[in-house]
Trainee: 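This structure is in structure tokens; I'll ask about it shortly.
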Amino acid sequence: MCGIVGYIGNGNVYDVLIKGLQRLEYRGYDSAGIALLTPDNKINVYKTRGKVSALENFCRDKNTESRLGIAHTRWATHGEPTDNNAHPHYSEDGNLALVHNGTIENFKVLKDALQQHGVHFHTETDTEVLVQLIEFIKVQNSCSLLDAVREALKQVVGAYAMAVIDKNEPDQIIAARKSSPLVVGIGDDEMFLASDATPFVDHTKNVVYIDDEHIAIIRKGEPLRIVDFENKESKVSVKQLEWSISQLEKGGYPHFMLKEIFEQPETLRDCIRGRAVADQGKVILNGVLSNSEKFLNANRIIIVACGTSWHASLLGKSLIQQFCRIPVDVEYASEFRYSKPVITDKDVVIAVSQSGETADTLAAIQIARDKGAFVYGISNVVGSSIAREADSVLYTQAGPEISVASTKAMCSQMVIMALIALYYGQRKGLLDAKTRHEALAALHGLPKQIEDALPAMRETAQMLSPLYASAHSFFYLGRGHAFPLALEGALKLKEISYIHAEGYASGEMKHGPIALIEPEFPTFALAFNDALFPKVKSNIVEVQARRGPVIALANPGADLHVEHLWTIPSAWGPFNAFLALPAMQLFSYEMADYLGKDVDQPRNLAKSVTVE
Ligand code: F6R
């Protein structure tokens, strides 16, 4: 959701910024813009609605010579996605240009006050308020840009990452953050600024994650400085990125989503390596060892997450309850934060987030911590806000996920959930050695099983997509461990193919949804070979009795008579979910691709949802 890039160095500023914006495209956006400080200290702002390629076209006949610059992809919040509302925004006298991610909640109050002082506004955005406020303070107090930014941010309520340049103080970018990510990359005689490290990973692996309510002072030829809003210097802690460029490229696949679906065997291997020790029948979770007592003595586990991560959490609930016998609640972070939750210091909260930046999940963590609960974070992004806010963090190690629709990240979250359940089941003495050995052997077997099954799964998905692409609606049904998967299958289908889909617990069909069944309304049923199979089979028959066509995803030998019986290999108990997941992802992928949709960047969606 919105992306910021900044660059100071001897490279071609325009090229670095455009390439950086392209790398951030995956976050989701609807307009793009760039501010370049020219060699004679003027600021040129070029911006346009649409893709980064539209911005490149727009800049083709413009002066792009520059000594430093900032750039932005905007996901509209205040004001439509127009050329005018796109960032960067100039201050009134054109001395400053600013880009911003997030929302300024008190922008109306600030705007009214500035207007009373004669400041004119030219856009509908909340962002323009920030740049006007900074300039106003700078002029009123005859102070430096840094001091004006500090003072302005003390008045701002909301979430933001921002970067500003000033033609009267050339050779510097001032950037700050609160609840929205910002990273500085330190190269040889050059520095980068971005919402995440993807824009500069081919230039440097040295990164500095800016802390909340801190300001980065990025000056040419000087070391990076970080201060808080009171101007107190902070330590600059440089971390090493472990990403490689190949993780950010499609590697021969037509879309990142397809690549990431096919990466899941590797994701599983990376996620269990050193954690699931099959020959000893043991799970080792270093990140949580020192905090185990909290979990072992917990009255209740509350898992907070959004979207796909929430679905992985539902699977986690059934695994933790099954193996650890601790009650588990799974809450939407967006609901939890406003629900006046009853939490005590005997509760453990697990916050699950691929990006580690989801605003609602971050807020949920803060509430849980304020109430004394111990918070585990499960995140895919090292150094992310959620990873840093949690008391203890487990990384999912899925590598960068570029496609907006989450695939391999969910797989890795499910693995972490399984590991947590097995680890605490083992610590609580509730899991006998035989079950532990079986579960761990099954986990180790999954990567190969999925690897072998993926090509046939894709073929089936390709075969089915033309047959079902004209449907306007789908049901996804599942019971027990398959229920979270049904929800995820429906979410994946709607988000990338724009076909309406709803996931239901199979047993709920009779309580209302079955009224919708007719020959044009297909059902995608998950029917694993477990104790619930006879029940699921009855639900399928009920759909068929209303002439609803059914695709059933089942294990070999399933006694089902449906329009399309899609057989996938069996796995150990609840781990069937790991094989169902890529099949359903591929079905959505092929449907969307067949319908000619923008698979990697579906309309209206953002990868990292940093506003509530
Ligand atoms: C769906 C999807 C979203 C995210 C949700 C939470 O494919 O990607 O539903 O799962 O926005 O994001 P994270 O996990 O980054 O907190």
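We count ligands from 1, going down the list as the structure has it; atoms in each ligand are counted the same way. Quick note: numbers below take in every heavy atom, side chains included, and nothing from hydrogens, waters or symmetry partners.
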Trainee: What's the shortest distance from atom 16 (O) of ligand 1 to any protein heavy atom, and which residue and atom give it?
Mentor: T358 OG1, 2.4 Å
Trainee: Would you say the rings of F474 and F587 are close, in the sense that their centroids are separated by under 6.0 Å?
Mentor: yes
Trainee: Starting from atom 14 (O) of ligand 1, what is the nearest protein heavy atom, named by residue and atom, and what distance separates them?
Mentor: S309 OG, 2.5 Å
Trainee: So, do Y424 and F295 have ring centers that fall under 6.0 Å from each other?
Mentor: yes
Trainee: Starting from atom 11 (O) of ligand 1, locate the nearest protein heavy atom and write down its residue, its atom name and how far away it is, to 0.1 Å.
Mentor: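 Protein heavy atom with the smallest distance to atom 11 (O) of ligand 1: V609 CG2, 3.9 Å.
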Trainee: Record the part of M410 in heavy-atom contact with ligand 1 below 4.0 Å; permitted values are side chain, backbone, both and neither.
Mentor: neither
Trainee: Applying ring-ring contact (aromatic ring centres under 6.0 Å, His included), run through Y589 and H255 and close with a yes or a no.
Mentor: CA-CA 10 Å; Y589 170 81; H255 298 102; 5.5 Å; yes
Trainee: When you measure from the heavy atoms of T407 to every atom of ligand 1, does any distance fall below 4.0 Å?
Mentor: no
Trainee: Ignoring angles and geometry beyond distance, decide whether E495 reaches within less than 3.5 Å of ligand 1 through its nitrogen or oxygen atoms.
Mentor: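 Yes, there is a polar N/O contact under 3.5 Å.
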Trainee: Does a salt bridge link D391 with R369, judged by any charged N lying under 4.0 Å from a carboxylate O?
Mentor: yes
Trainee: Verify the neighbour count for atom CD of Q366: are there more than 12 heavy atoms of other residues, nucleotides or ligands below 6.0 Å?
Mentor: yes
Trainee: T361 to ligand 1: N or O pair under 3.5 Å?
Mentor: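 Not met; the criterion fails.
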Trainee: Identify, by atom number and element, the atoms of ligand 1 in contact range of A405, meaning under 4.0 Å from any of its heavy atoms.
Mentor: 7 (O)
Trainee: With a 4.0 Å cut-off, would you call E401 and K607 a salt bridge?
Mentor: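 Looking at E401 and K607, the cut-off is met.
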Trainee: Give the atom numbers and elements of ligand 1 that come within less than 4.0 Å of a heavy atom of G307.
Mentor: 9 (O), 10 (O)
Trainee: Is it true that D347 and R300 have a side-chain N and a carboxylate O under 4.0 angstrom from each other?
Mentor: yes
Trainee: Distance to 0.1 Å, residue and atom name: give those for the protein heavy atom nearest to atom 3 (C) of ligand 1.
Mentor: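 Going atom by atom, the protein heavy atom closest to atom 3 (C) of ligand 1 ends up being T308 N, 4.0 Å.
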Trainee: Indicate, as side chain, backbone, both or neither, the part of K492 found under 4.0 angstrom from ligand 1 when only non-hydrogen atoms are considered.
Mentor: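 For K492, the contact with ligand 1 is made by the side chain alone.
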Trainee: Got an N/O contact under 3.5 Å between S353 and ligand 1?
Mentor: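 N/O-N/O distance under 3.5 Å: yes.
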Trainee: Residues in ring pair (Phe, Tyr, Trp, His ring centres under 6.0 Å) with F323, at least two apart?
Mentor: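 In terms of ring pair (Phe, Tyr, Trp, His ring centres under 6.0 Å), with neighbours along the sequence ignored, F323 is linked to no residue.
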Trainee: In terms of side-chain geometry, is the basic nitrogen of R337 or E331 positioned less than 4.0 Å from the acidic oxygen of its partner?
Mentor: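 Not counted as a salt bridge, because no side-chain N and carboxylate O are separated by less than 4.0 Å.
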Trainee: Kindly indicate whether a cation-pi arrangement holds for R603 with Y498, taking the cut-offs as under 6.0 Å to the six-membered ring centre and within 45° of the axis.
Mentor: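 The answer is yes, since R603 meets both limits relative to Y498.
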Trainee: Check ligand 1 against V404 and write out every atom of the ligand that is under 4.0 Å from a heavy-atom position of the residue.
Mentor: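 Once the distances to V404 are compared, the set is 8 (O).
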Trainee: Note the single closest protein heavy atom to atom 5 (C) of ligand 1, along with its residue, its atom name and the distance in Å.
Mentor: C306 O, 3.7 Å
Trainee: How far is atom 15 (O) of ligand 1 from the closest protein heavy atom, and which atom is that?
Mentor: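 For atom 15 (O) of ligand 1, the nearest protein heavy atom comes out as S355 OG, 2.6 Å.
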